[in-house]
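Only one structure is covered here, and it is reproduced in the block below.
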Number of protein chains: 2
Amino acid sequence: MSMSTGSKPRRGRPPRLSRERIVEAALALVDRAGIDGLTMRALARELDADPMAVYRHVRDKDDLLGAMCDQLLVELPPIDPDGDWEPQVRRLAREIRERFAARPALLPALASAPVTPMSLVLASDAVTLLVRAGMSPHEAAGGFGAVFSYVLGFAVVEAAIPPPADHDALRASALRHLETDDPPPHLDAAIELMNSPGDFDLGLDLLLAGLRARLR
Amino acid sequence: MSMSTGSKPRRGRPPRLSRERIVEAALALVDRAGIDGLTMRALARELDADPMAVYRHVRDKDDLLGAMCDQLLVELPPIDPDGDWEPQVRRLAREIRERFAARPALLPALASAPVTPMSLVLASDAVTLLVRAGMSPHEAAGGFGAVFSYVLGFAVVEAAIPPPADHDALRASALRHLETDDPPPHLDAAIELMNSPGDFDLGLDLLLAGLRARLR
DNA sequence: ACCTGAACACCGTTCAAGT
DNA sequence: ACCTGAACACCGTTCAAGT
């Protein structure tokens with residue numbers, strides 16, 4: 001076939017700047033260079049544009065980071081409001097967690113901008129689903145909010161797991177805090193927990209079990 | 001008694017720098033000037049010291065931010081491993097959430113360093129409590145991990161609530177994403193959710209109910 | 001040996017000057 | 001009117017020079 005793929009430039013160089021292209025390039029840059037590598041100058045270089053040209057499509061760097069976080073939640077598999085709520089909420093939670101885990105460098109930014117247009121759309125769909133299942137709008141909103149908070153918090157802890165090399169240092173540091181050489185009985189279980197946060201599903205099961213109980 | 005209190009200066013000016021004093025001053029500075037106001041130079045000014053003197057007690061700025069996050073968790077009311085587990089976990093969760101909510105500017109930093117010596121000590125105590133209540137160490141670690149993740153995620157969402165003035169903009173933005181003028185049935189409930197995240201206790205109750213069920 | 005502060009290599013963003 | 005890029009006012013951190 002002679003047609004060019006999707007959104008490729010018509011000429012050799014990238015097409016005009018757009019918010020969409022900027023966000024896309026910024027995500028690619030973060031993946032490659034980490035959050036510290038994401039500077040407005042480096043981003044412009046990536047886009048083959050003048051450093052200031054980006055500001056025509058983005059208010060400032062915070063605006064850009066917000067748009068990047070929003071992008072994490074697009075194209076989630078759609079919710080069927082008439083299907084069973086529980087498997088759908090479970091699937092959704094796992095999917096969101098995967099998106100977050102795939103871009104750990106973005107989590108601190110996400111932590112200062114979790115409320116985006118897409119997360120609103122998502123919450124709206126989820127509330128609809130839970131209301132059809134028999135919950136009050138208030139219960140449904142609170143219930144989904146709890147799941148969302150859990151997923152976000154889990155991803156944050158998961159992403160921050162220190163490298164194995166730091167285990168001993170962490171242990172020593174904790175003992176210093178306790179001002180004792182005598183480790184508490186389950187310090188090692190705690191270190192284990194922090195270094196490979198239990199099953200994601202364990203906490204999710206607890207929440208879903210709680211929600212299920214509310215429906216009877 | 002004639003002895004001076006703990007670590008007070010002997011003369012009128014602040015005493016020698018110490019890691020402790022630096023962290024304390026940094027927290028005060030964040031409270032007053034926000035996370036952007038926390039610069040190594042401003043911190044040194046606060047401490048009446050040379051900008052570079054701080055580096056004698058702190059490896060770099062990330063090290064400082066980590067120590068600040070750790071500080072959030074000190075002096076939590078102690079856990080009684082022989083007491084009832086449920087009211088204690090509930091109290092602990094609320095207390096931690098309060099500490100986080102009191103310093104919203106620090107949450108993005110916390111999101112990149114939630115695993116600190118103090119959070120380890122905390123997890124260790126909590127695991128001990130749950131094991132005494134009859135859970136396996138694995139269940140106990142996973143269970144407390146779930147509660148901790150939830151608390152952290154909730155605090156993050158809570159801190160990021162946009163100012164009321166942004167409601168309409170957010171709503172419009174969500175509709176643009178949906179590419180429709182016809183709002184989904186529970187969009188407003190979702191906006192309400194994101195703007196005053198249900199009860200903290202609602203999600204906590206779900207988790208505790210789930211844990212309780214595991215003990216029977 | 002310890003401490004200082006000038007200097008380096010950046011950064012996000014403004015704004016005057018160009019087209 | 002739009003776009004550019006030099007310049008501003010910072011930043012975290014290095015390191016040579018002082019005590």
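Numbered from 1 within each chain, the chains take letters A, B, ... in sequence-line order. Since the structure is predicted, the reported quantities are computational estimates derived from the model, not experimental observations.
Rounded to an integer number of Å, the gap from A/Asp50 CG to C/dT13 P is 15 Å. Separating the CE atom of B/Met40 from the C1' atom of D/dG12 is a distance of 8 Å, rounded to the nearest angstrom. Rounded to whole Å, atom P of D/dC2 lies 7 Å from atom CZ of A/Arg56. Between the CE atom of B/Met52 and the P atom of D/dC15 there is a distance of 13 Å, given to the nearest Å. Rounding to whole angstrom units, NE2 of residue B/His57 and P of C/dC2 are separated by 12 Å. Whole-Å rounding puts the B/Lys61 NZ to C/dC11 P distance at 16 Å. For the pair A/Ile35 CD1 and C/dC11 P, the computed distance is 14 Å after rounding to whole Å. For the pair A/Arg59 CZ and C/dT13 P, the interatomic distance rounds to 10 Å; values are reported in whole Å.
A/Arg97 forms a cation-pi arrangement with A/Phe200, by the criterion of a distance under 6.0 Å to the ring centre and an angle within 45° of the ring axis.
The six-membered or imidazole ring of B/Tyr150 lies away from that of A/Tyr150, with a centre-to-centre distance of 6.0 Å or more.
Environment of CD in A/Glu20: sparse, with no more than 12 heavy atoms of neighbouring residues, nucleotides or ligands closer than 6.0 Å.
Across all strands shown, C/dT4 is found opposite D/dA16 as a Watson-Crick or G-U wobble partner, with both distances under 3.5 Å. Both distances falling under 3.5 Å, in either a Watson-Crick or a G-U wobble arrangement, occur for no nucleotide opposite C/dC10.
Note on B/Arg32 versus B/Glu46: salt bridge recorded, some NZ/NE/NH1/NH2 to OD/OE distance being below 4.0 Å.
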